[in-house]
A.B. asks: 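Please find one structure pasted underneath; my questions will follow.
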Amino acid sequence: MNIKRLLITAIAAAAIIMPASAQCYRQSRYYNNRTDRLEYGRHDSGLGTGNMYYGFRIGPSFSFVNSDDSRLDGGDWQTGLNVGALVGIPLSANIPLYIEAGLFYDEKGGRKKLPSGKKMTYDLNYLQLPIVAKYIYSPDGRFSIQPFFGGYLALGVGGKIKNFEDREAFSSFSDEGFQRFDGGLRLGCGVGYDLFYVDLTYDIGLSNICHDTFDTSHNGSLSLNFGVNF
């Protein structure tokens, strides 16, 4: 995915969600009329009592795919799009610890330079389900630091492997390419200010997405996400 398309998508999404986010600001269960701020630091209810939050995320992902099979080894970084929605569920009435789960469209893959000087690209597009434990530390009720750790499951939904030297292309999820199912670890840290949010997330692929019994292939991805919580 090229940078121009990524920027256009991000700007369009921001134009859609920002008016809705501003409206949700004072309707949030965290909104305090007296202070005119969202106070995530209040934990007067526990799991199942409605003290949840919802979020939208969008941003670039920078990914690679390492393989023992030289045909499938795309160890150079490639840029894609990461976009989705999530929900956070509190685990305690006294500790700001949450389970956060979502559904994302995530463009992963990699690239490499061939001896001829031309390139080979691997586009692996997934529907991804991340589930993490998140701790929200909010010293003043407005600014928050949010480290998290967990895992993800993913299903490949499209993408092409392109050999620019031979002018060939075929499906990334085929007998000649990769398996559709992936899973691994996810870790990162977010920062919130009122309803606005940004985080840096790293996915470590643990599943072998290679068809060959004697070879292994693994995804790796670093994403920068922007969004809102309400």
Side-chain angles (χ1 to χ4, degrees), residues 13 17 21 24 28-30 38 40-41 43 45-66 80-109 124-138 144-159 173 178-192 195-209 216-230:
I17 68 172
S21 299
C24 290
S28 171
R29 61 175 53 88
Y30 298 107
L38 300 182
Y40 290 104
H43 298 280
S45 59
L47 181 63
T49 60
N51 190 21
M52 300 186 298
Y53 64 85
Y54 303 90
F56 174 83
R57 305 284 187 266
I58 187 171
S61 62
F62 309 94
S63 60
F64 61 89
V65 53
N66 283 331
L81 177 68
N82 180 57
V83 59
L86 54 84
V87 59
I89 303 172
L91 295 179
S92 171
N94 303 311
I95 302 173
L97 183 65
Y98 294 78
I99 286 291
E100 188 177 275
L103 182 63
F104 283 75
Y105 171 74
D106 199 353
E107 294 180 341
K108 296 185 179 181
L124 286 78
N125 304 327
Y126 291 96
L127 283 180
Q128 186 158 298
L129 175 66
I131 302 176
V132 300
K134 171 176 280 190
Y135 184 85
I136 300 181
Y137 172 68
S138 181
S144 63
I145 300 173
Q146 308 181 20
F148 55 88
F149 177 80
Y152 72 90
L153 296 173
L155 173 66
V157 294
F173 302 107
F178 301 96
Q179 298 192 56
R180 289 187 180 273
F181 292 97
D182 187 28
L185 299 177
R186 165 169 284 212
L187 68 157
C189 187
V191 174
L195 76 168
F196 301 103
Y197 177 88
V198 60
D199 73 33
L200 191 64
T201 301
Y202 187 61
D203 288 342
I204 305 171
L206 298 182
S207 296
N208 180 12
I209 59 174
T216 59
S217 300
H218 297 283
N219 278 314
S221 178
L222 180 69
S223 58
L224 179 63
N225 300 305
F226 302 91
V228 293
N229 290 330
F230 50 90

A.B. asks: Rounded to the nearest 0.5 Å, what's the gap from CG on D199 to CG on N225? Could you check?
C.D. replies: 4.5 Å
A.B. asks: With distance as the sole test, does Q128 use its side chain to make a donor-acceptor pair with the main-chain N or O of A154 at under 3.5 Å?
C.D. replies: no
A.B. asks: Other residues, nucleotides and ligands only: do more than 12 of their heavy atoms fall within 6.0 Å of CZ on F181?
C.D. replies: no
A.B. asks: So Y135 and I145, do their side chains get closer than 4.5 Å, heavy atoms only?
C.D. replies: no
A.B. asks: Any chance you could measure L127, atom CG, to L153, atom CG, to the nearest 0.5 Å?
C.D. replies: 12.5 Å
A.B. asks: Passes side chain to side chain contact (heavy atoms under 4.5 Å, CB included), Y53 versus L86? Steps please.
C.D. replies: CA-CA 9 Å; Y53 64 85; L86 54 84; 4.1 Å; yes
A.B. asks: Give the intermediate values and the outcome of side chain to side chain contact (heavy atoms under 4.5 Å, CB included) for residues L200 and L224.
C.D. replies: CA-CA 5 Å; L200 191 64; L224 179 63; 4.2 Å; yes
A.B. asks: Are R57 and Y197 in a cation-pi setup, meaning NZ or CZ lies under 6.0 angstrom from the ring centre and within 45 degrees of the ring axis?
C.D. replies: yes
A.B. asks: Apply the test ring pair (Phe, Tyr, Trp, His ring centres under 6.0 Å) to residues F173 and Y126: give CA-CA distance (whole Å), side-chain angles for both, the deciding distance (0.1 Å), then the verdict.
C.D. replies: CA-CA 11 Å; F173 302 107; Y126 291 96; 5.6 Å; yes
A.B. asks: If you round to the nearest 0.5 Å, how far is OH of Y98 from CZ of F148?
C.D. replies: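 Spacing of CZ (F148) from OH (Y98) equals 15.5 Å.
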A.B. asks: So, taking the atom named CD1 in I99 and the one named NZ in K134, what distance separates them when rounded to the nearest 0.5 Å?
C.D. replies: 11.5 Å
A.B. asks: Drop me the distance from N219's CG to N208's CG, to the nearest 0.5 angstrom.
C.D. replies: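 Between N219 CG and N208 CG, I get 11.0 Å after rounding to 0.5 Å.
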A.B. asks: Can you tell me how far the OG atom of S61 sits from the CG atom of L222, to the nearest 0.5 Å?
C.D. replies: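 Spacing of OG (S61) from CG (L222) equals 9.0 Å.
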A.B. asks: Per the side-chain hydrogen bond (donor to acceptor under 3.5 Å, both in side chains) rule, which among D182, D106, D203 passes with Y152?
C.D. replies: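 Exactly one candidate clears the test, D182.
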A.B. asks: Would you check if V132 and T201 make a side-chain contact, meaning some heavy-atom pair closer than 4.5 Å?
C.D. replies: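 They are not in side-chain contact.
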A.B. asks: Does any non-hydrogen side-chain atom of H218 lie less than 4.5 Å from one of S207?
C.D. replies: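 The answer is no, as the side chains (C-beta and beyond) never meet within the 4.5 Å cut-off.
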